[in-house]
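Below is one structure, written out as structure tokens; the observations come after it.
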Amino acid sequence: MPVIDYKCPNCGSSMMFDSATGALSCPSCGRQDNIEQLPDPLKKQVFTENEVQQYHCPSCGADIVTEPETSATTCSFCGSAVVLGDRLVGDLAPDTVIPFAISKAQAEEAFRKWCRNGLLTPAGFMSADRIKSMTGIYVPFWLYELHNLVEVYGKATRVRSYTQGDYQYTETQHYDVYRKLRLDYVNLPLDASEKMNDELMDKLEPFPYEQLKEFKTPYLAGYIAEKYSYDDEQLVPRAKEKTQPYIDSSVSQSLSGYSSVSYTDKQVDTTVRRADYALLPVWLVNYDFKQKNYMFAMNGQTGKVVGKPPLSKGKITAWFAGITAAALLGMKFISWALGGDFL
Amino acid sequence: MRSYRIPLFMMAMVLLLGLALPMVTHTAAAATSAAESKKLIYDQANLLRPQEEEALTRLARQYAPERQTDFIIYTTNNPEGRDVVKMTEDLYDRKAFGYNQPYGNAVILTMDMYNREIYLAGFGKAEQELNDSRLDKIRNKITPDLAVGNYGIAFEKYIQLSYDYMGYKFGTTPDNLLFQFWFQLLVAAAIGGIIVWIMAYRSGGVITVSRATYEDSSVSGVLDSYDNYTHTTVSKRKIEKSSSSGGGGGTSSGGHSHSGSRGSF
Ligand SMILES: [Zn+2]
Ligand SMILES: [Zn+2]
């Protein structure tokens, strides 16, 4: 039986994760169970891999239609929260999870507020009344701990300028420089879902890591969860790519004080110390505007919204004209202060 | 429509301020003119008709209080062939020009009709506010009129330009790009374009994490380094002296220093 559901021991209703209390709660009788003390039903089960082709809802018996990546969903017939246990064990068992802190209602309100604050978005979009769907998804991430040993060799100069008599002298001191740095990054997140847009997920950061919890399936009750499409080794190149600018900035900071630096040799030795499989909370908003579909994502803990909204040509023009007029006034004021005519 | 209000409001403010500010600045110009009878134009070479001389005197008197400066015109046939700079200095020493005080602020234009030379000099605070390079600019602008004998027009321009240039601060002159409308508009449009571009760029959300977010600062840092000095190179460049073609200023025998610009017409 790979499908797990959460029946209320009091009344038999399907229990859901409550983002306000962080407990598994029953919408019918109000029972609240502390998840951290709850025995995870997943731990007691043994599955043989790829055994199951079809899932059935434990409550109503209907077929559960899912995509191959989905590991938690709700039954489309009776609405019970169901977790597909065989997609969360073995290599697919998450290490940690950050539960949702923002409920669907709060997420919707936060999204509407964000739409209203769009300075360049069309008026019709700001009313935010065309939300097609609002889905709470636990997105699979790898949290890397990367240890870097960086060695750079280079030539640096310090330039001094002074005048003597009728001549301006420029004195350049040349140095051979070397830096060896240790740069360790912890909990560097990279989204491991093929479906999710990488750029969008990067902008959702930071996730509050103090909310990281040991993974237990009841956190998923009532939400969609996905399993990773890329394993921890496949994403190492992207992790290195992500830390590249961090390393570059640390190196150049260690060489500040020089007028110019050119590297003759630069070596970065990266060791992946660990990669934790974590599920992080994201609200996905599908929005319909003028027959076009827009996708937005919201950090399920911080409420940060990302995604490209439509832009209004009229508002862009109005802002451009307004700022240009204000800047022109500023220029006029400067010219007047310097003795020029105002008009 | 609510969202259109902010930029429209800004434009309305700009228009209002644009109308109000020049009025404020020009009320100061209506100050009293002192020394009504003071002689400012010494037309010994008889280059001007009486009406022209009258008009120029009126203009010089009108501007004098605002700049606290005497605007002097001196023309001479110079039969002894004296030096134009010396004549200017001697005139200042002899007449003790200066608005409301002897040996005060004055700008003098001297026309030497014998050598066909012109000299512009700034005394007092005009030595700074009308320095050599500014006087050069003024002289270059009036020389074409002098060359064809339009003395009245040239002298009027001289008073007008001297007055204007004394109002410009921090070494700017009216020729500065900063005072050209097309340049002001270009800069303003560039500012508007950049800000709106940033607004559009940020509308989709921006990355708010940096290397500090994920760096383990307890162990990260520089482990080893060296900075070995190898050698020094020196290059030198001759400093360009700002050359004043007209000869520049000096000090009169009476001990009064001044700026100046000399040229022929
Ligand atoms: Zn119950
Ligand atoms: Zn069901």
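Just so it is clear: chains get the letters A, B, ... in the order the sequence lines come, proteins before strands, and each one is counted from 1.
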Checklist entry - Is there a donor-acceptor pair under 3.5 Å between the side chain of B:Thr232 and the backbone N or O of A:Gln173? => result no
Okay, A:Ser250 and chain B: the region with an atom under 4.5 Å from a heavy atom over there is both
Between B:Val196 and A:Leu120, the two heavy atoms sitting closest are O-CD1, 4.1 Å
If one checks every heavy atom of B:Ser210 against chain A at 4.5 Å, the contacting part turns out to be backbone
Assert top hit (heavy-atom pairs under 4.5 Å, partner chain B, pool A:Thr163, A:Leu149, A:Thr170) equals A:Thr170
Most heavy-atom pairs under 4.5 Å with chain A, out of B:Val187, B:Leu185, B:Thr208, belong to B:Thr208
When the 4.5 angstrom heavy-atom criterion is applied to A:Leu200 and chain B, the contacting part is neither
Donor-acceptor pair, side chain of B:Ser225 and main chain of A:Tyr178, under 3.5 angstrom: no
Okay, A:Lys304 and chain B: the region with an atom under 4.5 Å from a heavy atom over there is side chain
Taking every heavy atom of B:Val209 against every heavy atom of A:Tyr246, the minimum-distance pair comes out as CG2-OH, 4.0 Å
>> For a 4.5 angstrom cut-off between non-hydrogen side-chain atoms, does A:Leu143 reach B:Tyr214?
In response: no
Output for pair (B:Asp216 CG, A:Glu145 CD), nearest 0.5 Å, gives 7.0 Å
(request) Begin from the C-alpha positions of B:Ser220 and A:Arg182 and carry the test side-chain hydrogen bond (donor to acceptor under 3.5 Å, both in side chains) through to its verdict. (result) CA-CA 5 Å; B:Ser220 297; A:Arg182 177 174 175 181; over 6 Å; no
Q.
If you define the side chain from C-beta out and look only at heavy atoms, does anything of A:His174 sit under 4.5 Å from B:Thr233?
A. yes
Okay, A:Tyr209 and chain B: the region with an atom under 4.5 Å from a heavy atom over there is side chain
| Heavy atoms, side chains only, cut-off 4.5 Å: are A:Leu328 and B:Phe181 in contact? | yes
When every non-hydrogen atom of A:Lys308 is compared with those of B:Ala200, the smallest separation belongs to NZ-O, 3.7 Å
| message | Quick check: do A:Tyr153 and B:Tyr226 have side-chain heavy atoms less than 4.5 Å from each other? | response | yes
So, the part of A:Glu151 with a heavy atom under 4.5 Å from chain B: the answer is neither
To the nearest 0.5 Å, atom CG of A:Asp166 lies from atom CZ of B:Arg237 at 12.0 Å
Of A:Lys242, A:Gln164, A:Arg158, A:Lys203, the largest count of non-hydrogen pairs under 4.5 angstrom with chain B goes to A:Lys203
CD1 of A:Ile323 to CD1 of B:Ile191, rounded to nearest 0.5 Å, is 10.0 Å
In terms of heavy-atom pairs under 4.5 Å with chain B, the winner among A:Ser161, A:Gly165, A:Pro189 is A:Pro189
Handout entry: Residue A:Tyr162 excluded, over 12 heavy atoms near OH under 6.0 Å
Key = yes
Compare all side-chain heavy atoms of A:Leu183 with those of B:Glu215 and state whether any distance is below 4.5 angstrom. yes
#### Entry: Sub-4.5 Å side-chain heavy-atom contact between A:Leu311 and B:Ser203
yes
Looking only at B:Val234, B:Ile207, B:Leu223, the option with the highest number of non-hydrogen pairs under 4.5 Å against chain A is B:Leu223
query = Is the shortest side-chain N to carboxylate O distance from A:Arg179 to B:Asp227 below 4.0 Å?
reply = yes
B:Lys236 side chain reached by A:Gln168 side chain, heavy atoms, under 4.5 Å: no
Minimal heavy-atom distance between A:Ser254 and B:Val222, with the atoms involved, is CB-CG2, 3.9 Å
From the list A:Gln253, A:His147, A:Arg160, the residue making the most non-hydrogen contacts under 4.5 Å with chain B is A:Gln253
Scored by heavy-atom pairs under 4.5 Å with chain B, the best of A:Leu181, A:Val306, A:Asp176 is A:Asp176
Does B:Thr213 reach the side chain of A:Glu205, with side-chain heavy atoms less than 4.5 Å apart? no
With chain A, the option among B:Ser235, B:Gly192, B:Gly205 that has the most non-hydrogen atom pairs under 4.5 Å is B:Ser235
